[in-house]
Amino acid sequence: MAIPKDKALFDYAVRLADDQLVLGHRLSEWCGRAPTLEEELALANMGLDLIGQARSLYAHAGEVEGEGRDEDALAYLRSEREFTNMLLVEQPNDDFAHTMVRQLFHAAFMAPYWEAMTGSADATLSGIAGKAVKEARYHLRHSAEWIVRLGDGTQESHARTRAALDHLWVFTGELFEMDETALSLLGRGVAVDARALKPAWDSAVDETLARAGLDRPAEIAMLSGGRTGRHSEHLGHLLAEMQYMQRAYPGMTW
Amino acid sequence: MTTKTTPLWEVFIRSRNGLAHKHAGSLHAADAEQALQAARDVYTRRGEGQSIWVVRSADIVASDPKDKDEMFEPTASKIYRHPTFYRIPDEVGNM
């Protein structure tokens, strides 16, 4: 039986995959540059978890679309405007504090997100979620413990973490946005209601910041646009590096 | 980071239920929780682990190699401690 075309489900799986792929790629940029050998492996482990999640989601999206596109086609052969990841995940690594704050914001959202997704009416999404929730919980634990030590560490580490919080805060509103695609799938029991995850995210972030001796940033007007392909200037550069090989040598395998 | 702020830890991993924790290696970490996480990330990447212990290397009390003779030589002459002086009935099979 041919899988019916389902644009909403395709878009939803792709945006979720884009989030994990872009953040996974960002973490991979630390390879060879991490502050310690131990953290080098920790960052790569998290990056590989995310890229693994993205692969499963792209493969599912490709099947839903039914046009013969596989995970590689979706990852390597779409342009910047076709990527629908949230703005948070494309922000540059900057320093270690920025990387860990970005991870905390993302993982504190994804842990309850995947947990809710295990109840999805889409069996493939619920299966992916069952594996991913364990990974996200570890990412949350790892990043939260680092934030505590950076915030409660030296003057320098505190100041850098403070700066990272203030810089990345503006991208956290987008986590909880629900557009038409998400709402229609929520109605079918497939999607997760991101709005409902705000209290869990708030409490995970607040608890971490309290332990770290860091104040929660003041509420400001949030930035968004990633879900409609309107990105910050950083995504294009990331894709240029990530997609270079397939663009230069189409169909290349190794 | 310096070794003063990130001391050395020894990592012990139990690979399966019923087995003992075995020394896997060492790493640098600022405190116990970070040592545990680093042990997970460095030493259990291929499904090796069910349980991890980390111990500050400085907290391990070790015998002095210089004392080897007085520590270990005296047992060499006590061959009767090895279980080789009685017959196992065939019915027992492999022990």
Side-chain angles (χ1 to χ4, degrees), chain A residues 24 27-28 30-52 95-97 99-100 103-104 107 111 131 134-158 160-161 204 207-208 210-213, chain B residues 1-68 71-72:
Chain A
L27 291 175
S28 80
W30 274 104
C31 266
R33 299 185 175 91
T36 66
L37 174 70
E38 290 82 354
E39 195 55 27
E40 169 98 6
L41 288 163
L43 290 163
N45 280 349
M46 290 195 291
L48 286 169
D49 286 343
L50 294 168
I51 290 167
D95 58 12
F96 187 69
T99 297
M100 280 301 133
Q103 205 67 37
L104 173 72
K131 179 169 180 287
K134 297 170 199 157
E135 295 167 342
R137 281 183 192 142
Y138 186 77
H139 300 178
L140 175 57
R141 172 174 168 181
H142 188 73
S143 55
E145 292 297 331
W146 264 118
I147 296 303
V148 170
R149 282 155 185 79
L150 294 171
D152 194 24
T154 63
Q155 261 186 346
E156 170 90 7
S157 69
H158 183 91
R160 282 175 179 257
T161 312
E207 188 200 327
T208 304
R211 284 175 62 210
Chain B
M1 282 193 279
T2 64
T3 51
K4 203 178 117 199
T5 53
T6 56
L8 197 62
W9 299 72
E10 300 300 324
V11 178
F12 300 84
I13 293 177
R14 195 186 71 206
S15 55
R16 278 193 291 129
N17 282 332
L19 295 183
H21 285 75
K22 232 177 120 181
H23 189 232
S26 55
L27 50 80
H28 287 278
D31 54 47
E33 169 64 21
Q34 297 237 294
L36 205 54
Q37 292 191 15
R40 179 260 194 194
D41 284 317
V42 176
Y43 291 109
T44 67
R45 286 154 40 87
R46 297 174 187 87
E48 296 94 331
Q50 290 283 325
S51 164
I52 302 174
W53 288 350
V54 288
V55 179
R56 281 278 296 268
S57 307
D59 290 337
I60 289 180
V61 182
S63 62
D64 188 335
K66 279 206 314 281
D67 301 338
K68 177 159 71 75
M71 291 281 277
F72 307 117

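Chain letters run A, B, ... following the sequence lines, proteins first and then strands; every chain starts at 1. What you see below is based on every heavy atom in this structure, not just the backbone, and it leaves out hydrogens, waters and symmetry mates.
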Inset, instruction - State, to 0.1 Å, how close B:Asp41 and A:Leu41 come at their nearest heavy-atom pair, and which atoms those are. - result: O-CB, 3.9 Å

Legend entry - A:Arg149, CZ atom: more than 12 neighbouring heavy atoms under 6.0 Å: yes

Inset, instruction - Find the distance between CD (A:Glu145) and CG (B:Asp31) and round it off to the nearest 0.5 Å. - result: 8.0 Å

Legend entry - Nearest heavy-atom neighbours spanning B:Leu36 and A:Arg141: CD2-NH2, 4.0 Å

Legend entry - Beyond-backbone contact of B:His28 with A:Thr36, side-chain heavy atoms, under 4.5 angstrom: no

Inset, instruction - Check B:Gln37, B:Arg40, B:Glu33 against A:His142 for a side chain to side chain donor-acceptor pair (under 3.5 Å) and give me the one that passes. - result: B:Gln37

